[in-house]
Every structure is written in C-alpha cells, then in structure tokens.
Amino acid sequence: MSALSAWFWNERFWLPHNVTWADLADPAPGVEYPKAGHLFIALPLALVIFAVRIVYERFIASTCAQSLHIQTGVGRRAQPNAVLEKVFTSITKNPDSRHLDGLSKQLDWEVRKVQRWFRHRRNQDKPSTHTKFCESMWRFTFYLCIFIYGFQFLWQTPWMWDTRHCWYGYPYQVMTPGLYCYYVTELAFYWSLMFSQFTDIKRKDFLIMFIHHLATVSLISFSYVNNMARVGSLVMCVHDTSDFLLEAAKLANYAKYQRLCDFLFIVFGVVFFITRLVIYPVWVLNSSMFESWAIVGPFPSWWLFNILLLVLQVLHIIWSYLIARIAVKAMLRGKTRSDCNTALLSKCGTSGSRKKQHGRKWRLNWLHSRLLLWVTSHGIGPSPIHRHWYLHWWVGCC
C-alpha cells in the first residue's frame with residue numbers, strides 16, 4: 001500500500017522541478033499551503049448541503065410553487081388494467097403496431113384507446129412540474145449565491161486583475177480562508193449532486209451528467225492538491241456566471257411566464273457565449289498555458305491540468321454550437337409561422353367580415369395551442385427547456 005501511495009504522490013509528477021513535498025510540509029507560522037487532507041471535509045459538508053436542499057425544497061421552494069399555482073399532480077392517470085400494466089413494466093413502455101393490435105384484440109379496445117392508456121401511463125411516471133420547479137429553484141439559489149460569493153472574493157484578489165499573480169511564487173502560495181471556503185463549498189456541492197442524482201428526476205442524460213459531475217470533482221480536487229487554486233477559482237467563477245441564468249429560465253418556464261422565459265434564455269445564451277468562448281480562452285487558458293510557461297515552466301501535472309482545460313473548451317464549443325443552432329431554428333421557424341399566420345389572417349380579412357376574421361383567428365390560436373400540448377406531451381425535442389424554446393416560437397407566434 002505504501003508503494004502505491006508513493007507512486008501516486010510522486011513529486012516529479014505533481015510539483016515543479018527542484019520542489020519536494022517536504023518543502024511544503026513545514027510552512028512559516030501562520031502560513032498554510034494546500035494539502036490533500038484538507039479536502040476530506042467536503043464529504044460531510046456534501047451531506048449537510050444535501051440535507052439543506054431537502055429542507056429548502058420542502059418548505060421554501062414548495063411554498064413559492066404553490067403561490068405561483070403550479071400543480072403538484074401529474075395530470076390524468078391511467079385507469080387500472082392488469083394486462084397493460086404487465087406489458088408496460090416488463091415488456092415495453094412504447095408498444096409498436098404489432099403489440100398495439102394484439103392488445104386491442106385481447107382487451108376488445110380500439111387501438112387509439114390502448115395508445116392513450118400507454119401515453120397516460122408514461123406521463124404518470126414523469127415528475128410533476130411542482131417537483132421540477134423545486135429542484136430548479138434549489139439549483140438557482142445555490143448557483144446565484146456561490147457566484148456572488150466567488151465574484152465578491154475574487155474582486156479583492158490581485159489575480160482577478162492580473163492573472164500573472166496566479167503563478168508568481170508558485171507553488172509557495174498561501175491558501176487563504178476565503179479561497180479555501182470557495183473551493184470546498186464548490187467541491188461539496190458537486191459531491192452532493194453525485195449523491196442526489198440517484199434520487200433526483202431521472203433524465204435521459206443521467207450517465208453523461210454523472211460523468212460530468214465526476215470530472216468536475218476530479219478537476220477541482222486536482223487543482224487544489226497541486227496548488228493551482230488561484231487559476232482554478234477563475235475557472236469556477238467563469239462557469240458559475242451562466243448557470244443560475246439557465247435555472248432562472250427553467251423556473252419561468254415552469255411558472256408559465258413565457259416572455260420572461262424567452263428573455264432569460266436569450267440572456268443565458270449571450271452570457272454563455274461571452275464567458276465560455278471569449279473570457280475563458282482569453283483570460284483563463286492564456287494564463288494557464290502561456291503565462292505559467294513563462295513564469296514557472298511546464299512539468300507533468302501542468303500538462304495534465306492544461307489538457308483537461310482544453311477538453312473543457314472543446315465542450316464549450318460543442319454546447320455553444322447546439323445552443324446557437326436551436327436559437328437559429330427557433331427564429332427561422334417562428335418567422336415562417338408568423339408569415340403564414342399573417343397571410344391566413346389577411347386572406348380572412350378579404351372576406352369582408354371582421355367577425356369572421358376574429359372567429360378564424362380564435363380557431364387558429366386554439367389549433368396552435370392544441371398542437372403545442374400534443375407535441376409537448378409526446379416528448380419531441382432534445383430537452384424540456386430547449387423544446388419549450390423553439391416550440392414557443394414555432395407554434396405560439398400567431
């Protein structure tokens with residue numbers, strides 16, 4: 001075991017040349033350098049955060065949801081049927097035409113009735129809007145608070161204004177209480193997300209998000225152990241900038257404030273592009289790759305740290321492309337639908353009756369609302385927030 005520990009904590013990998021763990025073991029009185037043991041407190045703190053979340057969602061977020069008249073139920077429930085329930089739980093939740101025909105004959109039901117039962121049964125397992133609202137409100141609250149704390153802390157640090165201070169005197173950089181609190185709180189939160197993911201709303205990207213949380217925990221821990229906490233704090237602040245805006249847009253969506261949701265999503269997209277495609281590479285990557293090379297010089301863990309940051313930048317580009325594609329499609333479809341509606345309404349107006357024009361417009365709006373409900377209930381689109389975004393433009397622009 002000692003051999004494995006010695007191999008893992010090899011000084012030649014973790015530290016710059018001519019620096020040993022012994023050099024960092026006995027700092028001057030009142031000075032504290034980062035140590036791996038400092039991060040153990042993040043695990044019990046993650047449990048505390050998880051407990052706080054439960055209390056917050058039950059008493060604060062739930063009260064806000066009720067005040068906004070957000071339903072706690074899941075809508076219409078499927079009528080009890082042992083045969084269909086067995087098929088649903090043990091064979092398939094989305095039966096094909098062959099299964100539908102067989103069940104229709106077995107139960108002496110119409111095929112559409114069987115389809116309707118399976119649709120209601122699938123919706124029955126989905127979390128209610130109330131549950132999703134409470135979860136998003138917790139994330140919004142934490143992301144906003146940690147962003148305010150991190151930005152207020154970094155505002156007073158020299159490396160906020162001159163990133164070369166991230167590397168002056170490295171690795172003999174003092175771990176201040178404010179920086180330690182920032183790091184441990186972020187680490188504990190992502191540990192809590194890993195715990196709570198097994199009890200949260202089950203989403204299609206469960207495995208992807210689990211890997212994301214694991215990678216985040218690893219990157220935060222790695223940067224702390226080799227005392228790259230200063231540049232690490234800049235990375236965390238850049239990422240926290242847009243997270244709470246996305247959760248705010250979700251909250252507006254669940255509360256059915258459509259215009260507010262659209263506005264917040266636009267703000268989120270703009271902030272995301274600026275922070276992830278401009279500030280992060282120009283401010284953070286430039287410092288971690290070029291300024292550190294000139295001041296400290298490369299060493300093995302330096303290469304690994306920068307490779308991870310570059311991988312993160314590749315993910316930023318992919319996510320930005322997806323967001324931009326959704327926004328462009330939403331605007332194009334919204335413009336096309338609006339032009340069609342205008343043509344239809346103008347054609348109605350040529351019939352000479354304002355009353356007929358109003359009646360046809362009312363029926364068109366009703367048809368659009370029915371179509372929106374049907375598409376949403378069938379789960380078309382990549383994710384709920386994105387589906388709402390382009391469906392609102394595609395169907396609701398009338």
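Just so it is clear, the values below take in all heavy atoms, side chains as well, and ignore hydrogens, waters and symmetry mates.
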Student: Measure up the Y224 and Y183 rings against each other and bin them: parallel (under 30°), tilted (30 to 60°), perpendicular (over 60°).
Tutor: tilted
Student: Does any pair with a residue in residues 147-173 pass salt bridge (charged side-chain N to carboxylate O under 4.0 Å, His left out), and if so which ones, sequence neighbours excluded?
Tutor: D162-R164
Student: Between Y143 and F189, is the ring centre distance below 6.0 Å?
Tutor: yes
Student: What I'd like to find out is whether the side chain of Q197 reaches to under 4.5 Å of the side chain of L193, using heavy atoms alone.
Tutor: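 No. Closest side-chain heavy atoms not under 4.5 Å.
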Student: Between Y280 and T275, is the side chain to side chain contact (heavy atoms under 4.5 Å, CB included) condition met? List the steps.
Tutor: CA-CA 6 Å; Y280 178 79; T275 55; over 6 Å; no
Student: Which label fits W14 and F222: parallel for a plane angle under 30°, tilted from 30 to 60°, or perpendicular past 60°?
Tutor: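 Plane angle between 30° and 60°, so tilted.
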Student: Using the ring of each side chain (for Trp, its six-membered ring), is F118 parallel, tilted or perpendicular to F88, with breaks at 30° and 60°?
Tutor: tilted
Student: Specify whether F142 and W138 have parallel, tilted or perpendicular ring planes, treating 30° as the upper limit for parallel and 60° as the lower limit for perpendicular.
Tutor: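 Judged by the thresholds at 30° and 60°, the geometry between F142 and W138 is tilted.
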Student: Relative to the ring of H38, is the ring of Y180 parallel (under 30°), tilted (30 to 60°) or perpendicular (over 60°)?
Tutor: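 Answer is perpendicular, since the angle exceeds 60°.
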Student: Can you tell me how far CZ of F50 sits from OG of S192, rounded to the nearest 0.5 angstrom?
Tutor: 8.0 Å
Student: Quick one: does any side-chain atom of Y149 pair with a main-chain N or O of G178 as donor and acceptor, under 3.5 Å?
Tutor: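 Flag set: sc Y149 to bb G178 pair under 3.5 Å.
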Student: Between Q173 and Y168 (side chain of the first, backbone of the second, donor and acceptor by atom type, cut-off under 3.5 Å), is there such a pair?
Tutor: yes
Student: Salt bridge between E247 and K250, side-chain N to carboxylate O under 4.0 Å?
Tutor: yes
Student: Does the gap between the ring centers of W293 and W302 come in under 6.0 Å?
Tutor: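 Judged by ring-centre distance (under 6.0 Å), W293 and W302 do meet the cut-off.
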